[in-house]
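In this text, all values refer to a predicted model and were calculated from it rather than measured experimentally.
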Amino acid sequence: MTAQTDTPPWNRPAIDYRGFTLIELLVVIAIIALLIGILLPALGGARGSARSLLASSNMRQIAIGWEIYAGEHRGVVVPGQPGRSDVADENLYDIGNGLHYRPRWFAVLGGTIGDYTYREASEDPGDEHSLEIANELFVDPVVRDWTSTRNASYGYNYQFLGNTRYVDYQDGNPDIRFPVRSHQIRSADTVQFATSVGTAAGKPEDRRTPNLTDGSRDGDRRALGGHGYAIDPPRLDRFSDFADRKGRAAEHRSAPDARHQGKALVAFCDGRVAMKTLEELGYGVRGDGSVVAGFESDAGSYPITNRLFSGTGFDDDTPRAVTASE
């Protein structure tokens with residue numbers, strides 16, 4: 001047996017211990033950064049699309065509830081909010097999991113489809129605006145913290161579909177527009193509800209402030225989603241109602257919010273949900289993002305129309321909230 005001997009160092013194969021040079025390392029880092037730059041927008045776009053799909057699905061369920069409600073109430077569609085009564089018990093309505101004080105439209109529809117809006121219904125008038133929306137079905141996933149009853153993320157076409165406020169605020173006067181029956185909505189292209197920016201709509205985008213998640217009212221009406229549960233139609237005039245009736249002025253109007261990839265999500269009365277720009281819905285939008293009210297003084301050359309809100313398919317005036325004497 002031949003004894004093994006170590007191979008002399010000069011006969012061993014050379015091993016290259018050379019690492020990356022600085023230039024090579026910088027090239028690798030640059031390639032990784034480039035890939036991240038390419039992939040991040042795509043991932044962000046995919047996330048935005050997923051949120052829009054989820055919101056669209058939720059809105060379709062709510063829109064189905066709107067149709068069921070009308071079927072159960074002899075064709076009368078749900079109002080934005082029940083009218084106020086001097087008789088306490090007449091202010092209480094069943095929302096599926098109990099009686100609730102003057103529930104907004106979405107809470108009523110939640111009870112209709114068995115998908116309750118709140119953890120518990122409340123008969124307390126103090127909860128009218130502040131009670132937290134606990135069901136994600138009624139909260140736009142893009143703005144998950146907009147959960148107060150007043151400053152909500154979806155706004156109803158209340159002016160044409162059911163406005164129980166009194167004309168001139170005087171008791172005994174008729175409701176502005178209620179009841180509205182489904183057969184009166186002759187156009188399938190009538191907006192039912194949409195993602196809402198609330199009374200911040202009339203302000204430039206850079207002047208808008210965060211949502212008041214406790215349900216309080218912003219005195220300047222610049223907070224995103226202020227009175228978001230109601231959207232005003234595109235064309236208003238000096239006789240029109242406003243989402244926040246204490247702020248009857250062009251700059252305090254409400255409108256849909258184009259927060260889904262530059263568009264608003266809109267549920268129509270035939271159950272469809274579509275993404276639309278505000279201009280496609282008939283609104284006038286200035287360069288600073290503020291939405292025109294449609295008054296003669298500020299309408300300018302904007303092609304403002306209520307055609308998709310009136311229920312008739314025509315550019316009808318809003319139902320009058322004040323008398324001509326005012």
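Cys269 and Leu161 make their closest contact through SG-CD1, 4.2 Å (heavy atoms, listed as atom of the first residue, atom of the second, distance). Between Ser290 and Pro204, the closest heavy-atom pair is CB-N, 3.7 Å. In this structure, Ala293 and Ala250 approach most closely via the heavy-atom pair CB-CB, 3.6 Å.
Of the residues Arg253, Arg217, His252, the one that meets the side chain to side chain donor-acceptor pair (under 3.5 Å) test with Asp244 is Arg217. The only option from Val273, Leu281, Thr195 that meets the side chain to side chain contact (heavy atoms under 4.5 Å, CB included) definition with Val266 turns out to be Leu281.
Asp218 contributes atom CG, which lies 10.5 Å from atom CZ of Arg150 (distance to the nearest 0.5 angstrom). Of the inter-residue distances, the one linking Asn135 atom CG with Thr147 atom OG1 reads 12.0 Å to the nearest 0.5 angstrom. Of the inter-residue distances, the one linking Ile113 atom CD1 with Gln61 atom CD reads 6.0 Å to the nearest 0.5 angstrom.
For Ser187 and Asp189, the side-chain atoms include no donor-acceptor pair closer than 3.5 Å. Side-chain polar atoms of Asp232 and Gln159 form a donor-acceptor pair below 3.5 angstrom. Counting only N and O atoms by type, the side chains of Asp175 and Asn163 include no donor and acceptor under 3.5 Å apart. A side-chain N or O of Gln261 and one of Ser52 form a donor-acceptor pair less than 3.5 Å apart. With no hydrogens or angles considered, a side-chain donor-acceptor pair links Ser122 and Asp127 at under 3.5 Å. Using modelled atom types and a 3.5 Å distance limit, the side chains of Thr199 and His227 yield no donor-acceptor pair.
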**Message:** With side chain to side chain contact (heavy atoms under 4.5 Å, CB included) as the criterion, how do Trp146 and Tyr154 come out once you've worked through the C-alpha distance, each side chain's angles and the decisive distance to 0.1 Å?
**Reply:** CA-CA 10 Å; Trp146 294 19; Tyr154 295 131; over 6 Å; no
**Message:** Does Arg272 form a salt bridge (Lys or Arg N to Asp or Glu O under 4.0 Å) with Asp270? I'd like the steps, not just the answer.
**Reply:** CA-CA 6 Å; Arg272 289 178 299 117; Asp270 64 356; 2.7 Å; yes
**Prompt:** Checking side chain to side chain contact (heavy atoms under 4.5 Å, CB included) for the pair Asn157/Thr190: CA distance, chi angles, key distance, verdict?
**Reply:** CA-CA 9 Å; Asn157 178 17; Thr190 301; 4.2 Å; yes
**Request:** Please lay out, stage by stage, how Tyr283 and Phe309 fare under the test ring-ring contact (aromatic ring centres under 6.0 Å, His included).
**Result:** CA-CA 11 Å; Tyr283 290 89; Phe309 286 77; 5.7 Å; yes
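Between Arg207 and Arg222, the closest side-chain pair of non-hydrogen atoms falls below 4.5 Å. Between Val78 and Leu109 there is a side-chain heavy-atom pair separated by less than 4.5 Å. Looking at Phe268 and Val191, their side chains come closer than 4.5 Å, going by heavy atoms from C-beta outward. Side-chain contact between Tyr229 and Tyr158 is absent, with no heavy-atom pair separated by less than 4.5 Å.
Annotation: side-chain hydrogen bond (donor to acceptor under 3.5 Å, both in side chains) contacts of Asp317 (sequence neighbours excluded): Arg235. Listed by chain and number, the residues in a side-chain hydrogen bond (donor to acceptor under 3.5 Å, both in side chains) with Glu128 are Gln81, Arg102 (sequence neighbours excluded). Scanning for side-chain hydrogen bond (donor to acceptor under 3.5 Å, both in side chains) contacts around Arg84 gives Tyr101, with sequence neighbours left out. Contacts of Thr312 classified as side-chain contact (heavy atoms from CB on, under 4.5 Å), with partners at least two apart in sequence or in another chain: Arg186, Ser310, Phe314, Asp316. For the side-chain hydrogen bond (donor to acceptor under 3.5 Å, both in side chains) test, residues two or more places apart in sequence or in another chain that qualify with Thr318 are Ser240.
Arg259 and Asp140 are joined by a salt bridge, as a carboxylate oxygen and a charged side-chain nitrogen come within less than 4.0 angstrom of each other. For the pair Glu251 and Arg221, the salt-bridge criterion is not met [side-chain N within less than 4.0 Å of a carboxylate O].
A distance below 6.0 Å separates the ring centres of Tyr118 and His100.
A cation-pi geometry, defined here as NZ or CZ lying under 6.0 Å from the six-membered ring centre and within 45° of its normal, does not hold between Arg60 and Trp66. Figure legend: Arg104 and Phe106 shown without cation-pi pairing, the cationic atom not lying both under 6.0 angstrom from the six-membered ring centre and within 45 degrees of its axis.
Applying the ring pair (Phe, Tyr, Trp, His ring centres under 6.0 Å) definition to pairs two or more places apart or across chains, none involves residues 119-145.
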